[in-house]
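A short write-up of the structure that comes next.
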Amino acid sequence: MKKILFASLLFSSAVYAEVIAYGPGGPAPVLKELATEFEAKKGKKVKIVAGPTGQWINQAKADADIIFAGNSSMMDGFIKAFDGNLDVKNVEVLNIREAGIVVKKGNPKNIKSFKDLLKDNVNIMVVDGAGQVGLYEDMALKNGKRKHLLKLRKNIVYYAPNSKMAVDRWNSDDSIDALIIWSHWAKVLGEDKVDFVQAGKDSIIYRAAEIAVTNSAKNREDAMEFIKFVQSKDAQKVWKKWGWEVK
């Protein structure tokens, strides 16, 4: 009986040895690289599952140790969706990134700031979902000029539900001249293929990634250790590499 109990405990330990973190695609490249570093330094494995929320949320409700988000409103939505298993008191604010404009390499439309998106014959794609709900509106109205939103609306040719679909559309639709999105997506699209243009001081918008351990985390101590690791001084070089602003 003791042997069976011991074997059962070993099996349970093996099953729950891996920290599992779920979240959107934006912060994922950073967290995946940091998870690899964490395993090399600490000998503890962290699995990062990322993508559109609908692809992972049901499984995350069953086994997530960590949830990460692309901004505060997204994390607030996760807190509601997890129905008591995610506590706002456990949320840690990570690094920030700016929203700007991805353009084709060489910038053929000569877009130098947000105001150039308001010119005629500029086809724009925006992300109106996930962590970017209302982002283009915030950018257009930051200086209180209603006419900017009116003109921007006329130039938007596609509203992507999430960043992944925006990237897929960008790669398949040559008619799109500009994409309003977070700066680090230029890294994902390839800096040999696109340029990133800052929106300009009158239109720049920032958002922060956030992360939290779940109340039901089976590997709580390791999960908390990983969360501290991604905020450490040594981790900042990875955040910077992927286009985020560091502390």
**Request:** Dump the intermediate steps for side-chain contact (heavy atoms from CB on, under 4.5 Å) on Ile124 and Val126, then the final yes or no.
**Result:** CA-CA 7 Å; Ile124 301 165; Val126 300; 4.1 Å; yes
**Prompt:** Is a side-chain donor-acceptor pair under 3.5 Å present for Ser175 with Asp173?
**Reply:**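 There is such a pair between these side chains.
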**Message:** Do Gln59 and Asp63 pair up side chain to side chain, a donor and an acceptor below 3.5 Å, judged on atom types alone?
**Reply:**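 Note: Gln59 and Asp63 side chains meet the donor-acceptor criterion.
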**Message:** Assess the residue pair Asp177 and Lys119 against the criterion (salt bridge (charged side-chain N to carboxylate O under 4.0 Å, His left out)); give the C-alpha distance rounded to whole Å, side-chain angles, the decisive distance to 0.1 Å, and a yes or no.
**Reply:** CA-CA 12 Å; Asp177 302 308; Lys119 296 178 179 178; over 6 Å; no
So, does [X] use its side chain to make a donor-acceptor pair with the main chain of [Y] at under 3.5 Å?
| X | Y | answer |
| --- | --- | --- |
| Ser113 | Gly200 | no |
| Trp56 | Gly51 | yes |
| Lys154 | Leu149 | no |
| Asn71 | Met74 | yes |
| Ser183 | Gly243 | yes |

Would you say that more than 12 heavy atoms from the other residues, nucleotides or ligands in this model lie under 6.0 Å from the [atom1] of [X], or not?
| X | atom1 | value |
| --- | --- | --- |
| Lys237 | NZ | yes |
| Lys115 | NZ | no |
| Lys41 | NZ | yes |

Side chains of residues 94-105: which donor-acceptor partners sit under 3.5 Å, not counting sequence neighbours?
| unit_1 | atom_1 | unit_2 | atom_2 | d |
| --- | --- | --- | --- | --- |
| Asn95 | ND2 | Gln236 | OE1 | 2.9 |
| Asn95 | ND2 | Glu245 | O | 3.4 |
| Arg97 | NE | His184 | NE2 | 3.1 |
| Arg97 | NH1 | Gly70 | O | 2.6 |
| Arg97 | NH2 | Gly70 | O | 3.3 |
| Glu98 | OE1 | Gln198 | NE2 | 3.4 |
| Glu98 | OE2 | Gln198 | NE2 | 3.0 |
| Lys104 | NZ | Asp174 | O | 3.0 |
| Lys104 | NZ | Ile176 | O | 2.3 |
| Lys105 | NZ | Glu191 | O | 2.8 |
| Lys105 | NZ | Asp195 | OD1 | 3.0 |

Approximate separation, where rounding is to 0.5 Å, of [X] [atom1] and [Y] [atom2]:
| X | Y | atom1 | atom2 | value |
| --- | --- | --- | --- | --- |
| Arg220 | Asn215 | CZ | CG | 6.5 Å |
| Leu179 | Phe196 | CG | CZ | 9.5 Å |
| Ile180 | Asp128 | CD1 | CG | 11.0 Å |
| Asn162 | Gln55 | CG | CD | 8.0 Å |
| Phe38 | Lys45 | CZ | NZ | 12.0 Å |
| Glu39 | Phe226 | CD | CZ | 11.0 Å |

Shortest non-hydrogen contact from [X] toward [Y]:
| X | Y | result |
| --- | --- | --- |
| Gly26 | Trp244 | O-CZ2, 4.0 Å |
| Leu34 | Ala235 | CD2-CB, 3.7 Å |
| Ala223 | Val213 | CB-CG2, 4.0 Å |
| His148 | Ala140 | CB-O, 3.4 Å |
| Pro29 | Gly25 | CD-O, 3.3 Å |

Using the side-chain hydrogen bond (donor to acceptor under 3.5 Å, both in side chains) criterion, which residues pair with [X]? Sequence neighbours excluded.
| X | result |
| --- | --- |
| Asn110 | none |
| Asp222 | Lys44 |
| Trp242 | Glu33 |

Please determine whether residues [X] and [Y] belong to a single hydrophobic cluster, defined as Ile, Leu, Val, Met, Phe, Trp and Tyr linked transitively by side-chain heavy-atom distances below 4.5 Å.
| X | Y | result |
| --- | --- | --- |
| Ile67 | Val88 | yes |
| Val46 | Phe229 | yes |
| Val194 | Met165 | yes |
| Trp239 | Val91 | no |
| Leu189 | Leu135 | yes |

**Message:** I'd like to know whether Ile156 forms a side-chain contact (heavy atoms from CB on, under 4.5 Å) with Met125, so could you lay out the CA-CA distance, the side-chain angles of the two residues, the decisive distance to 0.1 Å, and finally the verdict.
**Reply:** CA-CA 6 Å; Ile156 295 173; Met125 175 166 57; over 6 Å; no
Is the shortest side-chain heavy-atom distance between [X] and [Y] below 4.5 Å?
| X | Y | value |
| --- | --- | --- |
| Trp182 | Gln132 | yes |
| Asp116 | Val122 | no |
| Lys151 | Asp120 | yes |
| Leu118 | Lys147 | no |
| Tyr22 | Ile66 | no |
| Leu117 | Ile111 | yes |

**Prompt:** What's the verdict on side-chain contact (heavy atoms from CB on, under 4.5 Å) for Phe114 and Leu152, showing C-alpha distance, side-chain angles and the deciding distance?
**Reply:** CA-CA 9 Å; Phe114 172 79; Leu152 181 68; 4.0 Å; yes
**Asked** Taking it one step at a time, do Phe68 and Val230 satisfy side-chain contact (heavy atoms from CB on, under 4.5 Å)?
**Response** CA-CA 12 Å; Phe68 59 91; Val230 303; over 6 Å; no
Please tabulate, for side-chain N and O atoms in residues 201-211, each donor-acceptor pair with protein atoms closer than 3.5 Å (sequence neighbours left out).
| unit_1 | atom_1 | unit_2 | atom_2 | d |
| --- | --- | --- | --- | --- |
| Arg207 | NH2 | Asp138 | OD2 | 2.8 |
| Glu210 | OE2 | Ser72 | OG | 2.7 |

Name each donor-acceptor pair under 3.5 Å that joins a side chain in residues 76-83 to protein atoms two or more places apart or in another chain, with its distance.
none

**Evaluation steps, side chain to side chain donor-acceptor pair (under 3.5 Å), between Ser216 and Asn85** = CA-CA 6 Å; Ser216 61; Asn85 194 29; 2.9 Å; yes
